[in-house]
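Sequence positions, counted from 1, serve as the residue numbers for this chain.
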Amino acid sequence: MAIRVFILFIIFSNLANAQLAFDNVAAQIGVNYSYGDSEYGGGVSFADFDNDGWDDITYTSENGENIYFLKNTNGEFNLVSFNGISNTNKTKQVIWVDYDNDGDKDLFVTALEGKNSFYINDGEMNFTDISSTIGIFQTDLFTYGASFGDIDNDGDLDLFISNRSPIDHNYLYRNDSGTYVDITDSSGISLEGQLSFCSIFFDYDKDGLQDIYVSNDKEENINRLYRNLGDGVFEDVSDFSNAGIDISAMSTTLGDFNNDGWFDIYITNTPFSQISTIIGNVLLKNNGDGTFTNIATETGTSFNSLGWGSVFLDADNDGFLDLYVSSSLDGSAQFLSSAFYHQQNDETFIIPQDIGFDSDNRESYSNAIGDINNDGKPEIVVVNDTDNNFLWQNNTSNQNNWLKVKLEGVISNRDGIGNTIEININGQSQYRYTLAGEGYLSQNSFYEFFGMGNATEVDYVKVTWTATGESEIINNIAANQAIIIKEGSGVLSSVNNLKDTKFAVYPNPSANGVFKLSVANQEIVSLQVFDISGRLITKKIDLKNNDQINLSQYQKGVYIARFSSETKNEVLKLIID
């Protein structure tokens, strides 16, 4: 271990000095809402729900209030509504997924009071509630969390529902051609109510099958790790793996904090216990042999407050994951109201002072990361109860470079959920695992964030596609861009310096050749579209924000669009697939 840490130090020792800085800009950018008086808070998604390249925000809400949909337009957020979604239950988690693999995002919503709901998108952000027709249990459950994965590697997304109830057990649904089949009993998932908050699907032992980890409240309900044996059967390996900790567990936060290729789990807890020997939060280091070891104390991440949401992020893009944790305590007593843990590149963390979190003293629950202005530095959104939510903008000042990667499955599910991404720089690798439902009632951006330090190029990006077991390697990727990797096709599209882009089109690629235009500052735009040989095929002179670009009469392939306005000229690649 000492040799490895020394090598990492040599490689990253010449990184640009970083001054970590976060500012709460929720009011300035239009996301200044709150969940409302609740029981254990509400959830948040930081995912791009309309595929326009900008991370949007979706908040759950208390009884009587609809879900809050906040569309990101060039870094400013506006509250929008969608036809077909009117859900005033006490909602807990919102997850955007491409349930039917048609290229647009559908929505799953859990409810503490009221039924869980699934809304399918027609491609124009009009939705239909299909909950009662696709097999999901329709009796009211005490549901908190949900997560999606592909347990049988068939290319569609299966569903796990966590019920915080001493009576109602959790549910595992297998997706069979769009219908969800309850396989809880036959799969080996416990049929006992275990006060479950959340779950994640991930391949903890790297055997190519997605396993399930569940956080259970109260010490008498140990956390559960279910190992996927294939054929829809899971083995409870909680005791053998040492992952079956007995705490008041709230979250399931996944990350490879030490860049060893094995994914670790951070679980929040309370500082109060009558029977558990564990006080404070838990960091389960994956030993790579089917077992985990709690190293929270050794790493300095115990927190020792009433923890809820947590998220790994590389805040300063130095190549090492940091950690942010929320608490429902306001800091007025001896307990932390939140903590930002900065990794010291030797598998230990410190809480740096004076980086902007001094006012982080509200009753907080879920949190998630995204990129509000597409500058490659991850922001943190935090859901508070009766106080307004936080949006911690990342204003860290350094010259460290970055890469964002999003996956598009073909044989795998369209969202690329359940796959491993590795980047390598000068022989040192970082790893991310793609999730849908994580942390505490949260969903992060569909982009995975990688810090590159002062490297200007990634030697390679390697994607391991779980559905096929195949690995795809793309060499020599330039820094400071967001890329989409399509299964079997390599880099599908890339955008450099997205924060300076005035014109964007989405969805891109488009399955039917119809694109929408996003324009900053409501400018009027002229457009010329050329085929790959340079022949002009169409032009328009009066396009505005949200206008359509219809290329449906043309063949699949790559086209070049030239946009012009009074303030900007730009060339973008349009793809019909």
Side-chain angles (χ1 to χ4, degrees), residues 43 45-49 51 55 58 93-108 110 118 120-121 145-162 172-176 178 180 198-204 206 208-214 226 228 252-256 263 265 311-312 368-370 404-422 431-439 441-449 461-472 483-488 492 507:
S45 167
F46 215 149
D48 176 8
F49 51 59
N51 289 333
D55 287 331
T58 310
Q93 183 154 15
V94 281
I95 305 179
W96 292 95
V97 291
D98 190 349
Y99 143 80
D100 50 1
N101 289 325
D102 66 350
D104 54 48
K105 297 295 184 285
D106 311 300
L107 180 66
F108 185 70
T110 72
F118 215 135
I120 191 169
N121 187 346
S147 59
F148 288 85
D150 186 356
I151 62 172
D152 47 8
N153 292 334
D154 65 351
D156 54 28
L157 289 171
D158 310 301
L159 170 64
F160 192 92
I161 292 177
S162 301
L172 175 60
Y173 291 101
R174 185 183 64 230
N175 187 340
D176 287 351
Y180 281 100
C198 300
S199 65
I200 45 172
F201 288 87
F202 80 113
D203 185 2
Y204 86 95
K206 295 203 283 193
L209 297 170
Q210 290 183 63
D211 313 298
I212 302 172
Y213 190 66
V214 186
Y226 296 103
N228 191 342
T252 50
T253 300
L254 192 75
D256 180 11
F263 289 99
I265 314 171
V311 62
F312 284 110
I369 60 169
K404 297 199 305 186
V405 182
K406 184 167 69 170
L407 303 183
E408 181 181 318
V410 176
I411 299 173
S412 305
N413 63 86
R414 183 70 175 256
D415 283 334
I417 301 303
N419 302 299
T420 301
I421 306 172
E422 174 191 354
Y431 303 85
R432 302 289 186 268
Y433 197 85
T434 53
L435 301 168
E438 56 203 283
L441 307 179
S442 300
Q443 180 180 26
N444 293 325
S445 170
F446 283 108
Y447 277 102
E448 299 295 335
F449 296 73
V461 177
K462 178 181 178 181
V463 180
T464 302
W465 299 96
T466 304
T468 62
E470 299 293 326
S471 293
E472 189 168 355
I483 64 173
I484 301 173
I485 298 176
K486 183 175 182 178
E487 186 175 10
L492 188 65

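Scanning both residues, Asn419 and Ser412, for their nearest heavy atoms gives OD1-OG, 4.4 Å. Here the closest non-hydrogen pair linking Ile161 and Tyr173 is CD1-CE1, 3.7 Å. Gly416 approaches Thr434 most closely through the heavy-atom pair O-OG1, 2.6 Å. Across Phe201 and Leu172, no two heavy atoms sit closer than the pair CZ-CD1, 4.2 Å. The nearest pair of heavy atoms linking Leu435 to Ile417 is O-CD1, 3.5 Å. Scanning all heavy atoms of the two residues, the minimum distance from Asp152 to Arg174 falls at OD2-CD, 3.4 Å.
Contacts of Glu472 classified as side chain to side chain donor-acceptor pair (under 3.5 Å), with partners at least two apart in sequence or in another chain: Trp465. In this structure, the side chain to side chain donor-acceptor pair (under 3.5 Å) partners of Asn444, at least two apart in sequence or on a different chain, are Glu438. Residues satisfying the side chain to side chain contact (heavy atoms under 4.5 Å, CB included) test with Ile120, not counting sequence neighbours, are Tyr99, Asp100, Asp106, Thr128, Ile130. Remark: Asp415 engages Lys105 in a salt bridge (charged side-chain N to carboxylate O under 4.0 Å, His left out) (not counting sequence neighbours). Applying the ring-ring contact (aromatic ring centres under 6.0 Å, His included) test to Phe446 and every residue at least two apart in sequence or in another chain returns nothing. Taking Asp102 as the reference, nothing meets the salt bridge (charged side-chain N to carboxylate O under 4.0 Å, His left out) condition, with sequence neighbours excluded. Remark: Ser147 pairs with Ser199 by the side chain to side chain donor-acceptor pair (under 3.5 Å) rule, at least two apart or across chains. Residues forming a ring-ring contact (aromatic ring centres under 6.0 Å, His included) with Tyr433 (at least two apart in sequence, or on another chain): Phe263. Among residues two or more places apart in sequence or in another chain, the side chain to side chain contact (heavy atoms under 4.5 Å, CB included) test is passed with Asn101 by Asp156, Asn413, Arg414. With sequence neighbours left out, the salt bridge (charged side-chain N to carboxylate O under 4.0 Å, His left out) criterion links Arg432 to no other residue. Residues forming a side chain to side chain contact (heavy atoms under 4.5 Å, CB included) with Ser442 (at least two apart in sequence, or on another chain): Val44, Ser366, Ala368. Scored by the side chain to side chain contact (heavy atoms under 4.5 Å, CB included) test, Lys206 finds Trp262 as partners (sequence neighbours excluded).
The structure places CD1 of Ile212 at 8.5 Å from OH of Tyr226, a figure rounded to the nearest 0.5 Å. Here the CD-CG distance, from Glu448 to Leu407, works out to 7.5 Å after rounding to the nearest 0.5 Å. For the atom pair CD1 of Ile95 and CG of Leu441, the computed distance is 9.0 Å after rounding to the nearest 0.5 Å. Separating the OG1 atom in Thr466 from the CD1 atom in Ile151 is a distance of 13.5 Å, to the nearest 0.5 Å. Interatomic distance, Tyr447 OH to Ile483 CD1, rounded to the nearest 0.5 Å: 9.0 Å. The distance from the OH atom of Tyr204 to the CG atom of Asp211 is 6.0 Å, given to the nearest 0.5 Å.
Judged by distance alone, the side chain of Asp55 and the main-chain N or O of Gly370 form no donor-acceptor pair under 3.5 Å. With hydrogens and angles ignored, the 3.5 Å screen pairs no side-chain donor or acceptor of Asn121 with any backbone N or O of Asp104. Here the side chain of Gln210 pairs a donor or acceptor atom with the backbone of Asp150 at under 3.5 angstrom. At distances below 3.5 Å, at least one donor-acceptor pair connects side-chain atoms of Gln93 with backbone N or O atoms of Ala146.
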Do Leu209 and Asn153 pass the side-chain contact (heavy atoms from CB on, under 4.5 Å) test, and can you show the C-alpha distance, the side-chain angles, and the key distance before you say yes or no?
-> CA-CA 8 Å; Leu209 297 170; Asn153 292 334; 3.8 Å; yes

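Among Tyr180, Phe118, Phe160, Trp96, the single residue meeting the ring-ring contact (aromatic ring centres under 6.0 Å, His included) criterion with Phe108 is Phe118.
Side-chain contact between Lys486 and Val410 is present, with heavy atoms from C-beta onward closer than 4.5 Å.
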